[in-house]
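Notes to accompany the following structure.
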Amino acid sequence: MTAIHLENLVKRFGAFTALKTMDLEIRDGEFMALLGPSGCGKSTTMNMIAGMEQPSEGRITFDGRDMNGVAIGRRGVGFVFQNYAIFTHMNVYDNLAYGLKVRGTPASEIDRRVKAMADFLQLTPMLDKPSAKLSVNILQRLAIGRSAIVEPAIFLLDEPLSNVDAAFRAVMRTELKHLQRQFRQTMVYVTHDQLEAMTMADRIAVMDHGVLQQVGTPLEVYNDPVNLFVADFIGSPGMNLLKGTLADSDRGLVVDLGMLGVTAPLDPALSAIARVNRVREVVYGFRPERVVPAAAGQGLAIPVTFIERIGARTVVHFGDREQRVKAVFDNDVAVQAGETVHVAVEPGFARLFDAATGVAIREV
Amino acid sequence: MNRSLPFEIFRYGAILLALAVTLIPTLWMASMAFKPIAEWSAAGADLTWWPKSPTLDNFRFIFGTSTSDLIVALDRTAGKPILASLLSAVFGTLIAMTAGTAGAYGLSRFGSGQNLPLALIQLRLFPPMAVMIPVMIMWAFFGLVDTWWGLALIYGIVTLPFAFWLMKTFFDDMPREIEDAALVEGCSRLRVFMKITLPMMRPALASSALFVFILNWSDYLIALLLTTREWVTIPVYMASLSSSMTGQLYGAKAALGLIAAVPPVIMGIAIQKHLVRGLTFGALKQ
């Protein structure tokens, strides 16, 4: 229930700059995911919001209040750690009660809230158990419960699901979202798993090498990545990115992909922007889900390298080295490795990037 | 596990040898403690493993209540040396563990570099004799010679590096996130240390304390130099158990040795469950 504002945030560790610059507004009650590969600065950002690290430059405000110099325990944040950080010398009940006890909550109130939280997280049967011998899945829920029970205005989660098994991760994704809807906290969620970010977050902040790349709703970053890094990082499999040259044809502006042939004409809007930008060397991007079979002699003709069946869908890999393309088709698609298939990109779903800078060519 | 026969013979041979080297002298001592003088002295020609006529006379002798024909006048009994050893070793261990734990926590969490920790281990690089003469002079100046508290103080100082290094390793291994989790909830540093860190470190504290205690308990040299009469410890007192008539009083020494083995054994049993490390960190995905 607090808006977080990061202004010109910089963090250096000695000669190493973990966070080059960061400006981000996290709205009141928003679920914001900080997404990026390891070493991108997302955990450093989170630790500064919590107060475990002090910014080298810039400032952090909660609802306009400057947090610089405010002690870690006085910021009203809850923090769930990647390794859970359970107090193993206490049982489950005492772990859940800890935050309330520190705040001097009356015993009857503690008891009521611990039982309610245990009920919510299905921890009731384990309340008396020593926490040292619980399974990873239960520890993870306990860690979330211990932070959530004090109903912090800001809830920070640092890769909480990276150690649990895949099936449980899917369950927790819905539970976490449910938890946030119930308590309406401002939630900041650090992850390197784009699926977690896509499924839970209201908005995603994509980071790389200490620089914020793009902020937007899951669909915005998915559909309209601002640069090649975001295009490649978001989505599984990521966006197809093919080097090419812009060329004029009698049907409009197209991208010459060399060996693969020439693309269908670009949208009028995209063509117009591309012409204004005067870029010739581009990267042509399109989502594997937007690849459709084309009639013989049309679209791009590329050989199928191998076929990956993932159940509901089938991922077909085309081409090799520089000119690799993935396409997601229905699971009964009739293609075979070795044959050459004609494919096209659905109209309106092609994206262009400047090959030199990696920046998306699009309306701003 | 298909080891060859010669290897198995070698393996068990080595184990038996190691056991023999450690156990036979101990068992011999235990047996001797219950032998009458005729069986342990040079006069008793036939040495046997098992006491032929077991007696508690050696124990009575060192506590001054012997009624046997062992005609040696003891100028003092073992009571006071046992007390001296207990007091100096226990308080020495307390000093070393308190200072060592506090220092180790501070340097593990807030320290930088290796200079300070290494400087502490330097204390142990000296041969003890090199520093004992200055220590004697200092202790004499402060009136600490021949007192249990003077002995406890030097024991605390001498074993501090061990306590410090053992505890520092344990603190370094403890994930910081556990303390951060308590700090986020609004705990003060001190409260985190007292309520979270120390309780989780119980196994580490127990095993380090046992190690330090055994070092203090078995010291001979320092006690020999720093005590004269009132507060001599068990090892020093044991060395004095001899007479011009019979030479070394092996029976009495054995009885005292057996008594001296009791405290470390009791401590070891008491903290047995803590000696197996890893309980503390079991809940963390490493």
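As the structure is a prediction and not an experimental result, all values here were calculated from the model. Below, chain A is the first sequence line, B the second, and so on; all start at residue 1.
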For Pro175(B) and Asn83(A) the tightest heavy-atom approach is CB-ND2, 4.0 Å
Residues 40-50 of chain A vs chain B, non-hydrogen distance cutoff under 4.5 Å, contacting residues -> none
dist Ile178(B):CD1 -> Ile86(A):CD1 (nearest 0.5 Å) comes out at 8.5 Å
### Task
Determine, stepwise, if the pair Ile196(B) / Tyr98(A) fulfils side-chain contact (heavy atoms from CB on, under 4.5 Å).
CA-CA 11 Å; Ile196(B) 303 289; Tyr98(A) 194 80; 3.6 Å; yes
One should read off an interatomic distance between Ile72(A) CD1 and Glu179(B) CD, to the nearest 0.5 angstrom, of 10.5 Å
Please step through side-chain contact (heavy atoms from CB on, under 4.5 Å) for the pair Asp158(A) and Glu177(B), ending with a clear verdict.
-> CA-CA 11 Å; Asp158(A) 189 0; Glu177(B) 288 89 346; over 6 Å; no
**Message:** Can you confirm whether Tyr12(B) is buried at OH, in the sense that more than 12 heavy atoms of other residues, nucleotides or ligands lie under 6.0 Å from that atom?
**Reply:** no
Sequence neighbours excluded, the answer for ring pair (Phe, Tyr, Trp, His ring centres under 6.0 Å) partners of Phe91(B) is Trp148(B)
Is there a donor-acceptor pair under 3.5 Å between the side chain of His89(A) and the backbone N or O of Lys195(B)?
yes
On a heavy-atom basis, the closest approach of Val184(B) and Val77(A) is CG1-O, 3.1 Å
Bottom line for Phe79(A): the part with an atom under 4.5 Å from chain B's heavy atoms is both
Cut-off 4.5 Å, heavy atoms of chain B, and the answer for Arg146(A) is both
**OP:** Would you mind checking if Glu185(B) and Lys101(A) are paired as a salt bridge, meaning a charged N to carboxylate O distance below 4.0 Å?
**Re:** no
Cut-off 4.5 Å, heavy atoms of chain B, and the answer for Val150(A) is side chain
